[in-house]
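Computed from a predicted structure; not experimentally measured. FYI, the numbering just counts along the sequence from 1.
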Amino acid sequence: MTAQPGILPALPACGRPADVRIEVYGGDSLEASLYVCRQHVTSGAAALDAYGWRAEPAAVRPLVTRPCGYAYRYPTGRLADLAHPHWCDRRDCLDRHRHRSLRLPVTGGRPEAAVAEVSLSQGLTAGLEPVIALAVVDAGSHEVTLSLGQGRVLSYQMRRLLDLTSRRRGD
């Protein structure tokens, strides 16, 4: 099967930290990098192979952290899809009526009172700016969207509050 420009198959995505980077080739050209956990290397490579792409697993570089399922399409390759923002997960955009990035878990590594995820989101209408979407599930389900400016300021304010927790009284 010949690799189809712009088309990747449905790929595994559990969101756990990726251990392996699968380089995606169309002929001799590197088209994308797919990050997966060890559990999804075989299924990810098989899915790519079924679509005509050559998959070559490689180690994830030290200090590079990506969740399982994260795919980066090189903008000059045959997988570049100008109809989607580069961060879009390219899954069900028309059904959702928006582009959305991979949802990243917000967890401290232990059980929490609420499950939270953060992602980028953008309506399909031309000219709309992306927003930060924060989804929280506790007794109900809630999603709050913030402009990119608000998201940036929120990150500064969160760092400021976290810094306060590490200071002792009287410091």
Side-chain angles (χ1 to χ4, degrees), residues 8 10-24 30 32-41 43-44 57-75 79-93 95-171:
L8 273 179
L11 296 165
C14 68
R16 290 191 303 244
D19 302 302
V20 176
R21 183 183 83 245
I22 298 177
E23 295 178 346
V24 181
L30 178 61
S33 289
L34 169 66
Y35 293 82
V36 294
C37 66
R38 282 187 179 91
Q39 178 183 344
H40 289 120
V41 174
S43 60
V60 173
R61 294 178 184 230
L63 303 178
V64 173
T65 56
R66 299 283 187 272
C68 178
Y70 178 86
Y72 177 78
R73 297 168 186 235
Y74 294 99
L79 280 172
D81 188 347
L82 301 178
H84 294 273
H86 68 278
W87 46 260
C88 181
D89 69 2
R90 291 165 173 76
R91 294 185 185 153
D92 303 321
C93 296
D95 293 337
R96 285 192 307 239
H97 303 289
R98 62 182 175 155
H99 298 290
R100 186 178 67 205
S101 70
L102 186 66
R103 292 179 127 181
L104 302 175
V106 179
T107 178
R110 61 176 194 244
E112 304 283 353
V115 174
E117 297 175 326
V118 64
S119 62
L120 288 170
S121 180
Q122 182 179 26
L124 297 180
T125 305
L128 291 179
E129 294 292 321
V131 295
I132 304 288
L134 174 62
V136 178
V137 178
D138 48 14
S141 181
H142 313 281
E143 184 169 291
V144 175
T145 57
L146 304 171
S147 70
L148 294 180
Q150 286 177 306
R152 189 173 296 109
V153 171
L154 176 62
S155 74
Y156 300 151
Q157 300 294 44
M158 293 300 293
R159 281 188 223 123
R160 186 174 168 199
L161 291 172
L162 291 169
D163 286 346
L164 289 174
T165 66
S166 64
R167 293 185 188 161
R168 297 180 200 195
R169 287 190 174 164
D171 285 350

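Take Ser101 and apply the side-chain hydrogen bond (donor to acceptor under 3.5 Å, both in side chains) test, not counting sequence neighbours, and it matches no residue. The side-chain contact (heavy atoms from CB on, under 4.5 Å) test applied to Pro57 returns Val20, Val41, not counting sequence neighbours. Remark: Glu129 pairs with no residue by the side-chain contact (heavy atoms from CB on, under 4.5 Å) rule, at least two apart or across chains. Listed by chain and residue number, Arg98, Arg103 satisfy the side-chain hydrogen bond (donor to acceptor under 3.5 Å, both in side chains) test with Glu143 (two or more places apart in sequence, or in another chain). Applying the side-chain contact (heavy atoms from CB on, under 4.5 Å) test to Ser43 and every residue at least two apart in sequence or in another chain returns Pro12, His40. Taking Ala58 as the reference, Arg21, Glu23 meet the side-chain contact (heavy atoms from CB on, under 4.5 Å) condition, with sequence neighbours excluded.
Scanning both residues, Arg96 and Asp89, for their nearest heavy atoms gives NH2-OD1, 3.1 Å. Considering every non-hydrogen atom in both Val60 and Ala18, the closest pair reads CG2-O, 4.1 Å.
Contact of the Ile132 side chain with the Leu120 side chain is registered, since non-hydrogen atoms from C-beta on lie closer than 4.5 Å. No side-chain heavy atom of Pro17 sits under 4.5 Å from any side-chain heavy atom of Thr65. Side-chain atoms of Pro130 and Pro85, non-hydrogen and from C-beta on, never get closer than 4.5 Å to each other. With contacts defined as side-chain heavy-atom distances shorter than 4.5 Å, the pair Pro67/Leu102 qualifies.
For the atom pair CG of Leu34 and SG of Cys68, the computed distance is 7.5 Å after rounding to the nearest 0.5 Å. Residue Leu104 holds its CG atom at 10.5 Å from CZ of Arg66, rounded to the nearest 0.5 Å. The line from SG of Cys88 to CZ of Arg73 is 8.5 Å long, rounded to the nearest 0.5 Å. Leu154 CG to Ser147 OG: the interatomic distance, rounded to the nearest 0.5 Å, is 10.5 Å. Note: Arg152 CZ to Leu146 CG = 12.0 Å, rounded to the nearest 0.5 Å.
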*Please walk me through it: do Gln39 and Arg16 pass side-chain contact (heavy atoms from CB on, under 4.5 Å)?*
CA-CA 10 Å; Gln39 178 183 344; Arg16 290 191 303 244; 2.5 Å; yes
*asked:* Does Ile22 form a side-chain contact (heavy atoms from CB on, under 4.5 Å) with Val36? I'd like the steps, not just the answer.
replied: CA-CA 8 Å; Ile22 298 177; Val36 294; 3.9 Å; yes
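Without hydrogens or angle criteria, Arg100 side chain to Arg91 main chain gives no donor-acceptor distance under 3.5 Å.
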